[in-house]
**Q** 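Sharing a structure below in structure tokens format, with a few things to ask.
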Protein chains: 2
Amino acid sequence: MDEPRWLDAAQQRDWRAYVDGSIRLNEIMDRDLKSKHGLSLPEYEILVRLSEAPERRLRMAELAEHASQSRSRLSHTCSRLESKGLVVRGSCPNDKRGVYAHLTDEGFAVLERAARDHVRTVRAFFVDVIDPDDLAAIGRAFTSVVKRIAEEN
Amino acid sequence: MDEPRWLDAAQQRDWRAYVDGSIRLNEIMDRDLKSKHGLSLPEYEILVRLSEAPERRLRMAELAEHASQSRSRLSHTCSRLESKGLVVRGSCPNDKRGVYAHLTDEGFAVLERAARDHVRTVRAFFVDVIDPDDLAAIGRAFTSVVKRIAEEN
DNA sequence: AGAAGTTAGTTGAATGTTAAACGAGGCCCT
DNA sequence: AGGGCCTCGTTTAACATTCAACTAACTTCT
């Protein structure tokens with residue numbers, strides 16, 4: 001039965017502030033991108049990762065990993081992005097199972113415009129409202145979290 | 001055209017660590033609750049808020065606010081919870097438009113069991129892998145974020 | 001009182017996500 | 001070569017979420 005170690009009051013307060021804030025922050029980002037650029041946050045994330053990759057393309061599995069999405073979800077989302085003309089999929093020369101997702105010029109253009117607004121929102125609701133030291137702490141903390149989760153598997 | 005203030009390298013790193021970590025953390029929590037207790041994370045959140053309310057009940061709008069969900073979403077989710085027998089809805093004496101969501105005894109029992117596992121997961125992947133000072137920083141930071149978002153409207 | 005405007009909550013349709021199953025190709029071993 | 005096993009990406013159907021429309025009830029103003 002084994003009683004768990006419950007969080008103390010301060011830990012609980014901090015954890016909840018995070019849970020709450022992160023949900024609301026997500027909503028804001030999503031709403032903002034959708035209304036101004038017709039992109040959902042996950043779609044935006046995909047475009048970002050592609051834009052940073054060499055030749056602006058990535059294998060589906062890599063892209064899924066970078067964008068923290070399931071493969072299935074990525075597959076669906078890419079289909080949508082493809083039908084909007086922001087991404088094209090092509091086959092992979094050395095591995096015939098493989099598929100490259102490639103950011104189109106239009107995709108890049110949309111992303112460039114979206115990123116301008118996005119960074120303003122990130123500042124307005126996150127970076128510029130918190131202490132720089134706290135931002136660094138967040139960076140450290142979530143880097144540990146990501147590492148911990150990666151180890152799990 | 002008004003060039004935005006882009007994030008510097010450190011800010012970008014920290015922001016991304018957070019985005020990445022929070023997505024993955026959510027997935028872990030959700031998967032864990034689902035597999036062990038048949039609850040999604042949003043469902044769990046609803047039960048928690050109800051359990052803490054006086055008489056274990058809240059008006060739909062308050063509950064939506066506490067659980068950071070849209071009213072529509074809450075309505076659907078509550079229907080599901082109701083059909084599982086974890087929640088019942090009843091009418092509100094003074095405001096006839098109003099509806100109370102009320103945690104059932106079974107809902108409370110399910111929550112109690114789920115919470116034990118949940119806190120372990122929260123510790124294993126979050127609280128116990130980060131520095132206590134960083135946790136405090138997270139608390140401060142996201143409290144500001146929530147406040148900032150609340151002011152927006 | 002009663003018209004106009006607000007707020008509470010739900011609904012249904014469109015959209016997005018998840019979970020499981022699948023086909024196709026690669027890899028390794030004998 | 002070919003059997004067994006793994007990975008790649010997609011597909012389908014079930015499920016959850018969003019968005020806009022809606023009813024009912026409260027409020028305000030005259």
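Every value quoted in this text rests on a predicted model; they were computed, and no experiment measured them. Just so you know, these numbers use all the heavy atoms, side chains as well, and skip hydrogens, waters and symmetry mates. Per chain, numbering begins at 1; letters A, B, ... match sequence-line order.
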**Q** Report the distance from atom CZ of B:R71 to atom P of C:dT11, rounded to the nearest whole Å.
**A**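 It works out to 15 Å between those atoms.
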
**Q** Looking at B:Y100, I'd like to know if the NZ or CZ of B:R89 sits under 6.0 Å from its six-membered ring centre while staying within 45 degrees of the ring's axis.
**A**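 The answer is no; the distance or angle limit is not met.
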
**Q** Quick test of your reading of the model: are A:E43 and A:K84 salt-bridged, counting only N-O distances below 4.0 Å?
**A**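 Yes.
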
**Q** Does a donor on one side chain sit under 3.5 Å from an acceptor on the other, for A:S51 and A:R56?
**A**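 No, because no side-chain N or O of A:S51 sits under 3.5 Å from a partner of the opposite role on A:R56.
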
**Q** Counting side-chain heavy atoms from C-beta on, which of D:dT10, D:dT18, C:dG26 comes nearest to A:D95?
**A**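 The nucleotide sitting nearest to the side chain is C:dG26.
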
**Q** Reckon A:R31 has a side-chain N or O less than 4.0 Å from the OP1 or OP2 of D:dT18?
**A**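 Checking D:dT18 against A:R31, no side-chain N or O comes under 4.0 Å of OP1 or OP2.
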
**Q** Measure NZ/B:K96 against P/D:dT27 and give the value in whole Å, please.
**A**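 Result: 12 Å.
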
**Q** Can you tell which of C:dT10, C:dT17, D:dC8 lies closest to the side chain of B:V99?
**A**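 Comparing C:dT10, C:dT17, D:dC8 against the side chain of B:V99, the answer is C:dT10.
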
**Q** Return the value, rounded to whole Å, for the distance between atom CG of A:L74 and atom P of C:dT18.
**A**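 These atoms are roughly 12 Å apart.
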
**Q** Give B:T77 one of three labels, base, sugar-phosphate or nothing, depending on what nucleic acid heavy atoms sit under 4.0 Å from its own.
**A**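 Sugar-phosphate contact only.
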
**Q** Round to a whole Å and report the spacing from CG of A:N26 to C1' of D:dT18.
**A**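 Taking CG of A:N26 and C1' of D:dT18, I get 15 Å after rounding.
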
**Q** Tell me which nucleotide among C:dG26, D:dT11, D:dA25 gets nearest to the side chain of A:S75.
**A**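 Per side-chain heavy atoms of A:S75, the pick is D:dT11.
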
**Q** Between atom CD in A:E62 and atom C1' in D:dG9, what is the gap in whole Å?
**A**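 After rounding, the gap between these two atoms is 14 Å.
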
**Q** If you take atom types as modelled and just measure distance, does the side chain of A:S72 reach the base of D:dT11 with a donor-acceptor pair under 3.5 Å?
**A**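 Result: at least one qualifying N/O pair found.
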
**Q** Could you please name the option among C:dT17, C:dA8, C:dA19 that lies closest to any side-chain atom of A:R73?
**A**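 Out of C:dT17, C:dA8, C:dA19, the nucleotide with an atom closest to A:R73's side chain is C:dT17.
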
**Q** Determine whether a donor-acceptor pair (one donor, one acceptor, N or O, separation below 3.5 Å) exists between the side chain of A:H76 and the base of D:dG9.
**A**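 Counting by modelled atom types and ignoring angles, no donor-acceptor contact under 3.5 Å is found here.
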
**Q** From CE of B:M60 over to C1' of D:dA24, roughly how many Å is that when rounded to an integer?
**A**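 Those two atoms, CE and C1', are 16 Å apart.
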
**Q** Regarding A:R16 and B:E52, does a basic nitrogen lie under 4.0 Å from an acidic carboxylate oxygen?
**A**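 B:E52 and A:R16: salt-bridged.
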
**Q** Using whole Å, report how far NZ of A:K34 lies from P of C:dT15.
**A**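 Checked: the NZ to P distance equals 12 Å.
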
**Q** What's the closest nucleotide to the A:R97 side chain, out of C:dT18, C:dG25, C:dA8?
**A**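 Minimum distance to the A:R97 side chain belongs to C:dG25.
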
**Q** What residue among A:V19, A:D14, A:I138 forms side-chain contact (heavy atoms from CB on, under 4.5 Å) with B:F142?
**A**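 The single option meeting the side-chain contact (heavy atoms from CB on, under 4.5 Å) with B:F142 is A:I138.
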
**Q** Taking atom C1' of C:dG26 as reference, at what distance in whole Å does atom CZ of A:R59 sit?
**A**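 Atom-to-atom, A:R59 to C:dG26, this comes out as 11 Å.
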
